[in-house]
Amino acid sequence: MESCLIVQPIHDAGPALLREAGLRPFTPQEAQPADWADCVAAITRNAGFTAQQMDACPRLRVVGVHGVGTDAVDIVHADRSGIVVVNTPGTNTLSVAEHAIALMFALAKRIPASDQATRQGDFAFKFRGGLVELQGLTFGIVGMGNIGRATAALAHALGMRVLALSRRSDDVGLPGIERVTTLDELLAASDVVSLHLPATAQTVGLIGRRELGLMRRSAFLINTGRGAVIDEPALIEALAAGTIAGAGLDVFASEAMPADYPLLALPNVVLTPHSAASTEASLRRMAIAVAQGVLDVVQGRRPPHMVNPTTWSIRRGVAA
Ligand SMILES: NC(=O)c1ccc[n+]([C@@H]2O[C@H](COP(=O)([O-])OP(=O)(O)OC[C@H]3O[C@@H](n4cnc5c(N)ncnc54)[C@H](O)[C@@H]3O)[C@@H](O)[C@H]2O)c1
Ligand SMILES: O=C(O)[C@H](O)COP(=O)(O)O
């Protein structure tokens, strides 16, 4: 019986679908030698999938990415090895957009500090100020794909002015969203900057010391895209110096960080462990979609979302 490696835990609905279709799911922790020998598919999450992992499965035909970002998968090696890479865009859009807004609220209303004060009986907390009303403030979005657009709609519904930096290929065209043409313009004009970019050669390090210096001292930076988009040492410096007001981060340069990592000691950050997509509803959708995508390749159907369609066509041509 052919098998499918599940690199990181996913919602039970995914493995159930694989089993029904005759593909035996297994985890690296419980793997038997036969599992590797029979392995035709792998499903991974943010941990990605390396060339070495691909080579450990000699019959591998497909890597399924649970979610959108495929930056941690070695696509070049997959192409060389004839392995198709599928992902599940759209399945976590709403959860991540809500999470970006939640991080904004957590910063503006100082929810973590307020919670701590309340537990300590410090009701004088409210006399010390620092809470922010958001309606009427400007929300700037970088990356107007599925999640950027959904976040824009939520910010607009809150009565915020919404600016978007988008590529020509992303026709913003959403009611109430103003398009800006440069990142500098967006950074200078926004009270909240929300990043929704993939990690690519063009976006890694995009928000560095210079860009942070363009932001308002009162501004919050939110990142639910990929950690590598921000120069993290420069961000830590800006937060420590108070040249921006705060940051809400779900993604980091390295996940996880050591306990003494300076970011973790800053009072003006709200951090979540790459969990923006981890609602029950989103986990279920991602697991079902990735299992289905993997089965499509194994059973010879065209999957709806592929990172390397040429490899799929070549493989299909060979098989036909
Ligand atoms: N934190 C999480 O759990 C989580 C969950 C889902 C997605 N993500 C990350 O968020 C990213 C966005 O997800 P999505 O579903 O919106 O993907 P998407 O592909 O729909 O959107 C990405 C957008 O970024 C734009 N873009 C890319 N490079 C750009 C650049 N240099 N300048 C301006 N715009 C640029 C693209 O044109 C596209 O519109 C993913 O690639 C992934 O890395 C993180
Ligand atoms: O790119 C994505 O969709 C997210 O990073 C989701 O990651 P996860 O599958 O580990 O939740």
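On a predicted model such as this, the values are computed, not experimentally measured, just so you know. Every number for a ligand or one of its atoms is a count from 1 in the order of the listing.
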Taking the side chain as every heavy atom from C-beta outward, state whether [X] and [Y] have any atom pair closer than 4.5 Å.
X    : Y    : result
F26  : I6   : no
M160 : M104 : yes
S190 : V192 : no
S282 : T279 : yes

I need the contact residues for ligand 1: any residue with a non-hydrogen atom closer than 4.0 Å to the ligand, ordered by chain then number. V68, G69, N92, V96, G143, M144, G145, N146, I147, R167, D170, H196, L197, P198, T203, T224, G225, R226, D250, V251, H274, A276, A277

Tell me which donor-acceptor pairs under 3.5 Å the side chains of residues 10-17 have, and how far apart each pair is, sequence neighbours excluded?
| from | atom 1 | to | atom 2 | distance (Å) |
| --- | --- | --- | --- | --- |
| H11 | ND1 | A13 | N | 3.0 |
| H11 | NE2 | E280 | OE2 | 2.9 |

Would you say ligand 2 has an N or O under 3.5 Å from any N or O of G69?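 Yes, G69 has an N/O under 3.5 Å of an N/O on ligand 2.
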
For a quick test of your reading: what N or O donor-acceptor pairs under 3.5 Å do the side chains of residues 289-296 make, sequence neighbours left out?
| from | atom 1 | to | atom 2 | distance (Å) |
| --- | --- | --- | --- | --- |
| Q292 | NE2 | D296 | OD1 | 3.4 |
| D296 | OD1 | R301 | NE | 2.9 |
| D296 | OD1 | R301 | NH2 | 3.0 |

I'd like to check which ligand 2 atoms, numbered from 1 as shown, lie under 4.0 Å from a non-hydrogen atom of [X].
X    : answer
V68  : 1 (O), 2 (C), 3 (O)
G67  : 3 (O)
N46  : 10 (O)
H274 : 4 (C), 5 (O), 7 (O)

Is there a heavy atom in R226 that sits closer than 4.0 Å to ligand 2?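 Contact check R226 vs ligand 2: positive.
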
Considering heavy atoms of the protein only, find what lies nearest to atom 11 (O) of ligand 2 and give residue, atom and distance to 0.1 Å.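 In this structure, atom 11 (O) of ligand 2 has R45 NH2, 2.9 Å as its nearest protein heavy atom.
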
State plainly whether the residues R210 and D184 are in salt-bridge range, i.e. N to O under 4.0 Å.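 Salt bridge: yes.
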
Can you find a side-chain donor-acceptor pair between H77 and D55 that sits under 3.5 Å? yes

Does a side chain donor of either R179 or S166 reach within less than 3.5 Å of an acceptor in the other side chain? yes

Counting only heavy atoms closer than 4.0 Å, does ligand 2 sit against the backbone of N92, its side chain, both, or neither? side chain

Can you give each donor-acceptor pair under 3.5 Å made by side-chain atoms of residues 249-264, sequence neighbours left out, with the distance rounded to 0.1 Å?
| from | atom 1 | to | atom 2 | distance (Å) |
| --- | --- | --- | --- | --- |
| D250 | OD1 | T272 | OG1 | 2.7 |
| D250 | OD1 | H274 | N | 3.1 |
| D250 | OD1 | S275 | N | 2.8 |
| D250 | OD1 | A276 | N | 3.4 |
| D250 | OD2 | S275 | N | 3.4 |
| D250 | OD2 | A276 | N | 3.2 |
| E255 | OE1 | H274 | ND1 | 2.7 |
| E255 | OE2 | F252 | N | 2.9 |
| E255 | OE2 | H274 | ND1 | 3.4 |
| Y261 | OH | E232 | OE1 | 2.4 |

